[in-house]
Amino acid sequence: MERNKGKNRKSIILITTLILLIIILSYFTINCYSEYKNNLSQNKDITSKIQVLKDENANILKEKEEYINEENYLNSLDEEISNLKKEVFKLARKLEDKILNNETNYKIAYITFDDGPYHSTDDVLDILDEYKVKATFFTIGLDKDICYDNKNYSCAETYKKEADRGHTIANHTYTHAIFRGLYNSTTSFITDVKKQEALIEERTGIKTNIVRFPGGSSTAGNLKNSITNELRNMGYGWIDWTAGDGDGGYVPNTTVAWNNLTSQINENIEVILFHDYSRATISILPKAIEYLEDKNYIILPLFYESIKVNK
Ligand SMILES: [Zn+2]
C-alpha cells in the first residue's frame with residue numbers, strides 16, 4: 001500500500017509538473033506569437049512609411065530637375081537677351097556716327113528719368129511698353145523701400161521691373177544729397193555712387209556703368225575733374241542732358257511742360273531729362289514719344305559705348 005501511495009504521489013507530481021510545463025510553454029508560445037504578429041505589423045508600417053518617403057523623394061528629385069531645367073532655360077534667355085542688346089548697341093553706335101556725319105535722316109533721342117523709382121514709375125513703364133520704347137532710369141536708393149509719392153507702396157521691386165522690361169538702369173548716387181554732403185569731396189561722391197551700384201546689383205543682378213551727377217556735372221564744381229577721373233578708373237561713363245520739360249523745377253501745367261520740351265528739341269542726338277515723379281511729364285509722355293518719332297527720332301536706351309556718355 002505504502003509503495004502504491006508513493007507511486008500515486010509521484011504520478012500526481014509528474015502530471016502536475018507536466019501541466020505546469022505545458023502552461024508555461026503555451027504562455028511563451030502565445031506571447032512569442034503575439035510579439036511576432038506585432039513585429040510583423042510594425043514591419044509592414046515601416047515598409048509603407050519607407051515607400052511614402054521614397055515616393056516623396058522621387059517627387060522632390062523630379063521637381064528639382066524641372067527647376068534646374070527651367071533655370072537653365074531662363075539663363076539661356078538672359079544670355080540671349082544680353083547678346084541681342086550688345087548687337088543693338090553696336091548698331092546704335094554706328095547710327096550715331098552716321099548721324100554725326102550726316103549720312104542718314106534718322107536721329108536718336110535718349111529719354112531718361114531721374115531720381116526714381118517712385119510709385120508713379122509704374123505708369124511711366126506702362127506708357128513705354130505701350131509705345132514699345134526703351135528708356136533709361138537714373139535711380140537713387142535712399143528712402144525707396146516706401147514709395148515717396150505713395151506711402152502704401154514699396155518701390156524696392158521697381159528697379160527690377162525697369163531692368164526686366166528692357167530699360168537701361170543707371171546710377172544717380174544713393175542719397176542724391178546735393179546740399180547735404182554729396183559734393184563735400186571726391187570720396188563722398190564716389191562712396192555714394194558705389195552704394196547705389198551695390199543696391200542696383202542686389203535688386204536687379206545688373207552692374208551699372210553709367211552715372212549722372214545729381215544737379216548735373218557742373219554741380220560738382222572744382223571736384224568735377226577728380227570725380228570724373230575716379231569714375232573712369234571704376235569703368236563708369238557719365239552723362240548730362242541736352243533737353244527736358246523743366247519737370248525738375250516748377251512746371252505749373254502740362255502746356256508749360258510741353259512748350260519747354262518742344263522748344264528744346266533741336267539736336268540730332270538728344271538726351272532728354274525727365275523725372276518719373278512728374279505728373280506733368282507722365283501726362284505729356286505719349287504725345288512726346290509720338291512727336292519725337294514723327295520727327296524721325298529713334299528712341300533708345302543709353303549704353304556705355306554711346307558717344308553721349310563721357311568716358
Ligand atoms: Zn536728380
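Positions are given from 1, in the same order as the sequence printed here. Start at 1 and go down the list; that is how both ligands and their atoms are numbered.
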May I ask you to check if Lys85 and Phe303 form a cation-pi contact, with NZ or CZ under 6.0 angstrom from the six-membered ring centre and within 45° of the axis?
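No; the conditions do not both hold, so Lys85 does not lie above the ring face of Phe303.
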If you look at every heavy atom in Thr208 and Asn171, which pair is closest and at what distance?
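Taking Thr208 first and Asn171 second, the nearest heavy atoms are OG1-N, 3.7 Å.
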Verify the distance test for Asp114 against the Zn ion (ligand 1): any N/O/S atom under 2.8 Å, yes or no.
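Not a single backbone or side-chain N, O or S atom of Asp114 is under 2.8 Å from the Zn ion (ligand 1).
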Are Phe213 and Phe189 close enough that their ring centers fall under 6.0 Å?
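So the answer is yes for these two rings.
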Which atom, among the N/O/S set of Asp115, is closest to the Zn ion (ligand 1)?
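For Asp115, the N/O/S atom sitting closest to the Zn ion (ligand 1) is OD1.
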Looking only at N, O or S atoms, which one in His176 sits nearest to the Zn ion (ligand 1)?
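Going through the N, O and S atoms of His176 one by one, NE2 ends up nearest to the Zn ion (ligand 1).
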The single option from Thr136, Thr281, Asp247 passing side chain to side chain contact (heavy atoms under 4.5 Å, CB included) against Phe113
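Going through Thr136, Thr281, Asp247 one by one, the side chain to side chain contact (heavy atoms under 4.5 Å, CB included) with Phe113 is satisfied by Thr281 alone.
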